[in-house]
Amino acid sequence: MSALRSQSSGNAPVGGGFRLGKGNAKFMGVCSGIADYFGLDVTLVRIGVVVATLVGVGSLIPIYLAIGLIAD
């Protein structure tokens, strides 16, 4: 069992898997979870999602919703 435990930095989950960031969530916790997983600032991730949604003519919206509903 001790082999499964690892030291994590910040709010990253112990298993290294992706989890929604419910503690710093604005809407579903997707951006917060991505920021925690990659070790980025959540504000930069949120700005990136907004820009990608505007540039991609909204194609990121169903992907965002799918991640929010499937993850965790």
Side-chain angles (χ1 to χ4, degrees):
M1 256 323 166
S2 64
L4 295 176
R5 294 182 185 162
S6 64
Q7 294 180 355
S8 62
S9 61
N11 294 335
V14 172
F18 177 77
R19 296 219 179 256
L20 297 176
K22 298 291 185 180
N24 197 13
K26 295 292 182 192
F27 180 69
M28 298 178 99
V30 175
C31 290
S32 179
I34 292 171
D36 287 343
Y37 186 78
F38 289 107
L40 301 171
D41 183 33
V42 69
T43 305
L44 294 176
V45 174
R46 289 179 180 140
I47 291 171
V49 168
V50 169
V51 169
T53 301
L54 294 176
V55 170
V57 191
S59 61
L60 195 60
I61 293 172
I63 296 170
Y64 185 96
L65 292 173
I67 293 171
L69 294 173
I70 294 171
D72 262 2

Applying the 4.5 Å side-chain criterion to the ILVMFWY set and letting contacts propagate, would Ile67 and Leu69 be lumped into a single cluster? yes
In terms of hydrophobic clusters joined by side-chain contacts under 4.5 Å, are Leu54 and Ile63 together? no
A side-chain contact here means heavy atoms from C-beta on lying under 4.5 Å apart; do Ile34 and Leu40 qualify? no
For Val42 against Ala35, the heavy-atom pair lying closest together: CA-CB, 3.6 Å
Just to verify, what does Tyr64 make a side chain to side chain contact (heavy atoms under 4.5 Å, CB included) with, not counting sequence neighbours? Phe27, Met28, Val30, Cys31, Val49
Hydrophobic clusters here meaning ILVMFWY residues chained together by side-chain heavy-atom distances under 4.5 Å, can you tell me if Leu60 and Val55 are in one? no
